[in-house]
Amino acid sequence: MKNLWQKFDRSFLRGQKLSKVLVVLIAIWLFLATSLVGLSLNTSWRLEELGMAINEAGSLRKRVFYMVLVTKTPGAEQQFADEKRQFKEILGHLYELHDTGVMNGQRHKQLLTQVQEIEEQLQDFLADREAYLQGRLSGEAFLAQAREFTAVIDRLVLLIEQDNTHNIKLLRWLQVLVLMMAVLSAIVSLLLLHHLVISPLLRLNQGISQIGKGYFDTRLKVGTANEFGQVAQGFNLMAAKLYEVYDTLENRVAEQTQAVVKRNRELAVLYAMTSLFQEQHDLTVLVQIFMHKMKAFSSADACVVQLKNRHSQMLEVAGSDGLTEEQVDMFRDYRCDGGRCVRLHQSVVNYNNQSLVIHEENNHCCQMQQVLPFCLTFAVKSVDDEIGMLHLFALKPFALSEENQRLISTVCSQFGIAIESMRLNELDKQMAILEERNLMAQGLHDSIAQSLSFMNMQIQVLEKSLAEHKQEQAKQTLDFIHEGIQQCYDDVRELLSNFRVRLVSEGLISSLQEVMKRFEQQTDIVADWSVEGDVYEVESDVQLQVVFIVQEALSNVRKHAHADAVRVRLVYLADRLNLCIEDNGIGFAEDTLIQKGLHGHVGVHIMKERAGKINGELKIFARENNGVCVELMVPRQYIHAQE
């Protein structure tokens, strides 16, 4: 059976696609089935036609005897004429019998001959009837002629019945063939389905089971070039690939493990250095830790970090590891320039170097290579500006991969950004100290210095009064001096209180309450304090500047306003924070405020400067003999509320 299928594959299938084979087989089956069914239908239609012909031919005998009877009946000429007409119509139908099917050729000619003979006998029968009616033929003779006529009709009926019998036999054979074809097609379909579909699927399933059990050397036999043959080829390729992967799996796992370990080591270095750069360290400590990490990572024997001096733009040694003092001093006299070590003769030598330079052993380089012949140099960058270099020295060639070298270069860039950030923080601190000192100087000038200047003038007046023995004037001058000393003392205490100001943990409201409490103790004026809106906290920098502005405004009220009522109103709005300090003092004219602004009045200047630090807007509304209103507005986006 197996050899038979192989011959079938080679002779009929010939490596054709399964879809094409199925289409061809189905087309052949449909052609045969349609042909057999068509023949069966044609035969059935022929049998129906012949059955009708047999009935009509059989009715001719009855009509012959009926015409004999009508002839012997007086006054029945019309009935005879009708029978004669119908007789001829039946003969016409018999003439029109199809010559298809089995009745063709000789048998159809016999049928036509027999019909023509019946027509001739009909003419003879009509002549005999005329003779009978004229008395030339007796009734017995006329009846005998009619019997001979019916004998001819019987031969026609017999001929049609024979043809009908043949058609019935043919129909039976056709039905048997259809049945045999149905059975045979079912058997062939099952065999083809098993050979073309089920058997390849079973082999494929067995192969998958073997692969699932770990037998990766399993292969399927490719018997055909159809779709299942292609699937078998794909399965074999997959099995071969799996076998190759499984065979080298241990090596692959080892390689991937090494790669993961290497990547983890790199990430650990990056994480450690990032954490280091985010912490607050002194520059010397930061450089030492950085060199230690880079030396350990690169397996170098020594390293040196050079940083640019911000003023001279010259490279200076910021730290070293693994070198003696003499070697460090020797290194200070050289700089790296594109693989060449150049001795520094002047401090104006420009420095230019690529981000990554690898120096091999070279007798034309600096004296360091006589001790440590191999050097690896990286640029320390801050954004796009080079601010220093990292030099790694070794007795043997470096075994660093390109990825590790780029990692060191990345860490050097982070190191440069950390140094620049540290320098910027130091500058910010210095600027903040200078600004506070400036504000302190302005405050001292606006208060204590003016008081001391006033007392100096009063002392001169006192000396003159004493010299001229003007006791009353001297006494009045002493009162002025005493009042000035007291004023100076109060100003000093207020300044000390302002310098010691602290922000309580409860927030801005509590801090302002502390300021107003000190103001009430100094002036015996109870401030009208109110808070409006939904309270939200502000950052400490904004809170500090607001407190200083309120202190300055209340200090001006104490010194100059001569007021007996003060109102402080804090309003929390959705888009901004409003603060208003009002008094009912003597005030001043609008042109006076303009003059104070033009001449840089210290108190007004300080408040506006502090408002500008928090992106706020300060406005002063003043009317002569109607007090002053100081209004501060800070937009919400600069407050950074933490609700």
Side-chain angles (χ1 to χ4, degrees), residues 1-58 90 92-112 114-115 156-204 223-231:
M1 189 67 179
K2 184 176 181 180
N3 295 330
L4 180 63
W5 279 117
Q6 292 178 352
K7 291 180 180 179
F8 176 74
D9 287 334
R10 289 194 299 269
S11 60
F12 178 70
L13 298 181
R14 296 179 182 178
Q16 299 294 328
K17 298 294 183 181
L18 180 60
S19 57
K20 184 177 180 180
V21 172
L22 292 177
V23 169
V24 171
L25 292 177
I26 291 173
I28 294 174
W29 185 87
L30 284 176
F31 174 76
L32 294 175
T34 304
S35 300
L36 290 176
V37 172
L39 289 174
S40 299
L41 290 175
N42 183 65
T43 304
S44 298
W45 295 335
R46 186 65 180 170
L47 287 174
E48 182 180 355
E49 186 180 15
L50 292 176
M52 294 175 62
I54 291 172
N55 290 334
E56 289 181 343
I90 292 173
H93 292 164
L94 294 176
Y95 264 120
E96 294 175 356
L97 284 176
H98 294 87
D99 58 349
T100 57
V102 179
M103 181 172 283
N104 56 10
Q106 187 65 31
R107 189 179 296 277
H108 190 259
K109 292 180 181 180
Q110 292 177 1
L111 175 64
L112 295 179
Q114 194 66 29
V115 173
L156 175 62
V157 173
L158 179 61
L159 182 63
I160 297 174
E161 288 179 347
Q162 289 176 354
D163 189 63
N164 192 45
T165 301
H166 286 292
N167 285 331
I168 291 173
K169 291 180 179 179
L170 176 61
L171 180 61
R172 290 176 180 174
W173 278 110
L174 290 174
Q175 291 174 346
V176 171
L177 286 176
V178 170
L179 179 62
M180 292 177 61
M181 180 181 174
V183 175
L184 182 62
S185 61
I187 295 173
V188 172
S189 298
L190 289 175
L191 293 176
L192 288 175
L193 183 64
H194 182 271
H195 175 69
L196 297 177
V197 179
I198 297 177
S199 181
L201 284 177
L202 290 176
R203 290 196 298 269
L204 182 61
T224 60
N226 57 20
E227 287 82 354
F228 282 104
Q230 295 176 358
V231 171

Nearest 0.5 angstrom please: [X] [atom1] to [Y] [atom2], how far?
X: L174; Y: L171; atom1: CG; atom2: CG; answer: 6.5 Å
X: R203; Y: I198; atom1: CZ; atom2: CD1; answer: 12.0 Å
X: L170; Y: T165; atom1: CG; atom2: OG1; answer: 12.5 Å

Side-chain donor-acceptor contacts of residues 176-190 below 3.5 Å, not counting sequence neighbours, with atom names and distances?
residue, atom, partner, partner atom, Å
S185, OG, W29, NE1, 3.2
S185, OG, M181, O, 2.8
S185, OG, A182, O, 2.8
S189, OG, S185, O, 2.6

Sequence-distant partners of Q114, side chain to side chain donor-acceptor pair (under 3.5 Å), two or more places apart: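 Side chain to side chain donor-acceptor pair (under 3.5 Å) list for Q114, sorted by chain: empty.
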